[in-house]
Structure formats: structure tokens, C-alpha cells
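Chain letters run A, B, ... following the sequence lines, proteins first and then strands; every chain starts at 1. All figures in this text were calculated on a predicted structure; none of them were measured in a lab.
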Protein chains: 2
Amino acid sequence: MDRGSWNGDSMTADARPAAPALTERQEARRRRILHASAQLASRGGFEAVQMREVAEAAGVALGTLYRYFPSKIHLLVATMQDQLQHLHTTLRKRPPAGEDAAQRVAETLMRAFRALQREPHLADAMVRALTFADRGVSPEVDTVSRLTTAIILDAMGLEHPTPEQLSAVRVIEHTWHSALITWLSGRASIAQVKIDIETVCRLIDLTAEPGTGTAREQDRG
Amino acid sequence: MDRGSWNGDSMTADARPAAPALTERQEARRRRILHASAQLASRGGFEAVQMREVAEAAGVALGTLYRYFPSKIHLLVATMQDQLQHLHTTLRKRPPAGEDAAQRVAETLMRAFRALQREPHLADAMVRALTFADRGVSPEVDTVSRLTTAIILDAMGLEHPTPEQLSAVRVIEHTWHSALITWLSGRASIAQVKIDIETVCRLIDLTAEPGTGTAREQDRG
DNA sequence: GCCAAGTCTGAAACTTGTTCTAGATTAGCG
DNA sequence: CGCTAATCTAGAACAAGTTTCAGACTTGGC
């Protein structure tokens, strides 16, 4: 079967491994779809990603597109997963160089932000989809959230964050998403987003408990 | 757009020169529309607010509805303006009683949160509209944002916030919106939202500079 | 090679936000 | 009152997301 719909095996939240062995051609289709989605999004943002056009550009029938991604929101959230994965890989290769955790997180997010600035329409499509998603897309949105959390924790250099630190990370994520929205809708400047990110990152200092080790972890590069 | 009279020192005064002096019946129509919108939203959230149904419930033609509110998003954002205004009035009558600014802000937001919990579907419609709004709705969304800022600054008890404090307030707003979203989409519990709010409010302590006059002790009851 | 089950296609249909049009109603004005 | 411009109404029409279905194609097992 496909990624979009799980067969209703209770409610055991096993959102990930629903990847049941796609055929070569199916994997290729899925990739074509995601590529077409990103391409159209890059051109004209959320509204430019029209399901009929995605299907045509990917060379699949509309029904097939819906079999792979049960809604436009699912499709765009999956697109975001894809992009985030890229980012995560890149970041692991070149970790941020700041001196303390707050600086590294801010630098990481600003780097992500700069990447988004290069494709503002794509950013628009992905972020709008993410915040507009309703309960039906929760597992997928959660995956994106976990990815983002992982990226931030990486930047902090933490293996075993305290609950307090996790709260700070969640607040940072909130700020990140919402600040992006205000930027995308033209209500905040790039400089303002930068300030907001730096401001919220100061929370990290608050939760950095001396003695717990704000430490360099084992090599991750 | 009769919004006439919230006071406060909004330096950028009326961002809406389209003050059209509505007649009695037009004002009544506008009221009926907003009421119908809130009612439908309370029943079934964002998707339950269908323009045809709003029009019918309000007793106006579809074209008229679109004359008053040029899109569903505009309509729901206006609905949110309405509700926020209520909240602001209520809060001014019964200001929060916490000892320091952070506590008062957290209490204020939790009060707002509890109000939203009483009408989760309405909250869903309004918040989703707010974060989904694109550039075309920016002025209206900005009005909501200014209202929210005013509420938070009220809770802090500040007349002349520093830029740093304004940054903190913006981050608090980001967190507030995004935390609501995660709650509405079932990805965070009420308790979690509470924690996030309390966490982000600690930023206020960080920006409270002892010596700049933190308004700590002007008695506010 | 052949069948059964599952998948993909093409096209039409349905839903809901949005736009358009022609005619009725209302507001403002002399 | 009677005129004119603006507004309102009913309803069709259009756009894009989503669903559905019959028939063609693949896949996996024999």
C-alpha cells in the first residue's frame, strides 16, 4: 500500500514504518510527485500547487496522486519532510560553530531561514500547509516536528535533554514557525525574524543548568 | 470596519482609510454575518463555516456576504477581532493578579486559553484562518496582532516597553499562536500548552532590566 | 503462460470558495 | 415625488480540491 493511508490497525501510533515496501516504479512515482510538488511550489507558492498540475507534471493520474498523498496538505507536508531531511544532512556535515548552545541554535535556525529565503514560494507552500493541517495530518506533521526538534537538539549538543530543556525547544519551534508565517505574509521583516529567533534562543541559557554539562558531546561530525 | 474606539496609544493610527460610514441596516447586516459565522464555527470549526450557509443564516445574499468580507479568511479574522475585543474588555475589568509581569502574562494567556477551550471549534476556525491568511489579509491580521500585543502589554503593566521587551512580547505571541495550533490539531495536551506559555513567559524576566523601572510595583489590584 | 488481486489511468462528478450578471430595492437628493 | 447611483438579491457559472468508477495494466503466485 502507500504512505498516505494506514490500514486501521488500532490506534497504536506507529506513524513511521507504514512504508510497506514500495516497488521500484512506485518509489519512482512517489519521487516524481514530490519533485513536481516542490517545483510548482517554488514557482508560485501554496496556491500554485494544484493537484491536477502536480499529477500531470509527475506523469500520474489524479487518482494515483491521491492514493499516494490523500490531500494537498499531506503532499506539502511530505514535501517539507523531504526538505528538512536535506537540511538535517547538510547541517550534520557542517555543524554550527557558536560558543554556547543558544548561539548555535540561533545560527542553525538562521541558516535554515536563509535557505528558505532562496525559495520563498516553496517556503510559503510548506509552512502554510504545516500550520493549516488539521487532525487528519497529525502523524505527518508530528514527523516534521520531531525532525525539527532533532535539528535543534543537535545544535544544542544535547543527548539527554531535561524536560525543561525540551520545553524551551518546543517554544523555539513555536517561535520559528510563527515567525516564518509573519515573514511570509509580509508582516515582519527578515531582520525582525532574526531578532525573534535570537530572543527566543535566550531561553536556552535560562534552562542550561550548570553541572548538567552544557557539554560537547561525542563527535557528531 | 467601524472598530472605532479601542483606546491606547497606537501610534500608527487607522490603517484603514476605508471607513465607509455604514447605515443602520448595513451595520445590522454586518452583525448578523459575524454572528452567523461565530455560530457555525462553534458548531464545526473551520470547515463548518461555509460561505453559502453563513449567507443563509445571516439572511443575506452570497454576493452581499462577499461585499462585506471579501473572503472566508477575512470573515474569520474579523470574527477573531470581535472575540478579542470582548476578551480585552473583560480583562480590563478584571486584571490578572500575579505578583510579577511574567506571572500576570501567563495568567492572562491561560485565561484566554480557557475561554477558547469552552469553544474549541470556534477557536479552531479563528486560529486556522489567522495563520493561513496570506498577504491579502495582512492589514486585518495585523489588527488582531496589535490587539493581542495590547492585551499582553496590559498584563505586563507597561506603558513604554523597550524594544527588547517588545521582542519578548512578539515571541510570546508566536508561542501563543503556535501552541494553540498544536493543541487544536491534537498534537499537544492542554497541560503542554500551559507549560509552553509559562516557559516563554520567563523571557519577560530576562528582559526586565532592574533600573529601567520595571513597573513592578504600580499597584494594579 | 495464466490467473487473481492489486494498482494505475482517464474522465466525469461532486463540493465549496469565489466571481459574475441581470433585475429588484434602497439611499440620497432636488 | 421622481431620479440616479449604489446596494442587494437570486442564481448561474467558474475554479480547484476531492471522490468515484470502469476499464487497462502490473505483480506475484501457480
Side-chain angles (χ1 to χ4, degrees), chain A residues 1-7 18-33 36-37 40-41 43-79 124-125 128-129 132-137, chain B residues 1 18-33 36-37 40-41 43-79 125 128-129 132-134 136-137:
Chain A
M1 209 173 279
D2 52 85
R3 239 164 245 291
S5 55
W6 66 72
N7 18 10
L22 293 187
T23 300
E24 197 83 3
R25 308 182 56 189
Q26 286 175 320
E27 191 57 49
R29 264 187 211 107
R30 184 170 197 277
R31 225 163 287 144
R32 287 204 309 275
I33 292 173
S37 167
L40 286 169
R43 273 211 157 307
F46 185 86
E47 42 191 42
V49 181
Q50 304 195 354
M51 299 304 268
R52 288 170 174 88
E53 286 199 39
V54 172
E56 188 183 1
V60 301
L62 191 55
T64 304
L65 171 53
Y66 274 95
R67 172 180 282 276
Y68 281 73
F69 302 97
S71 79
K72 173 170 173 171
I73 301 291
H74 281 87
L75 171 58
L76 286 172
V77 171
T79 303
D124 171 75
R128 298 256 299 282
F132 190 63
D134 66 350
R135 301 184 116 83
V137 203
Chain B
M1 328 310 179
L22 298 184
T23 81
E24 197 83 5
R25 307 183 55 187
Q26 286 175 322
E27 190 58 47
R29 266 187 209 107
R30 185 170 196 280
R31 253 334 98 106
R32 289 204 307 276
I33 292 174
S37 166
L40 286 169
R43 274 212 157 307
F46 185 87
E47 43 189 43
V49 180
Q50 303 194 354
M51 298 304 269
R52 285 172 239 266
E53 287 200 38
V54 172
E56 187 183 3
V60 301
L62 190 56
T64 304
L65 172 52
Y66 273 94
R67 172 181 280 276
Y68 281 73
F69 301 97
S71 77
K72 174 171 172 171
I73 301 292
H74 282 86
L75 172 58
L76 285 172
V77 171
T79 304
R128 297 255 299 284
F132 189 62
D134 66 352
V137 202

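- Formation of a donor-acceptor pair under 3.5 Å by the Ser71(A) side chain with backbone atoms of Ile73(A) is found in this model.
- Stacking of Lys72(B) on the aromatic ring of Phe46(B) is recorded, both the 6.0 Å distance cut-off and the 45° axial limit being met.
- Chain A approaches DNA chain D over the interval dA16(D) to dT27(D), counting the first and last nucleotide 5' to 3' with an atom under 4.0 Å from its heavy atoms.
- Residue Thr79(B) comes nearest to Ser37(B) through the heavy atom pair OG1-OG, 3.0 Å, listed as atom of the first residue, atom of the second, then distance.
- Considering all non-hydrogen atoms of both residues, Ala36(B) and Val54(B) come closest at CB-O, 3.9 Å.
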Using a 4.0 Å heavy-atom cut-off, write out nucleotides 16-30 of chain C from 5' to 3' as B (base contacted by protein), S (sugar-phosphate only) or - (no contact).
BBBB------SS---

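- Between Met51(A) and Tyr66(A), some side-chain heavy-atom pair lies under the 4.5 Å cut-off.
- For Arg31(A), the salt bridge (charged side-chain N to carboxylate O under 4.0 Å, His left out) partners are Glu27(A), not counting sequence neighbours.
- Contact record, Leu40(B) with Val49(B): C-CG2, 4.2 Å, taken as the closest heavy-atom pair.
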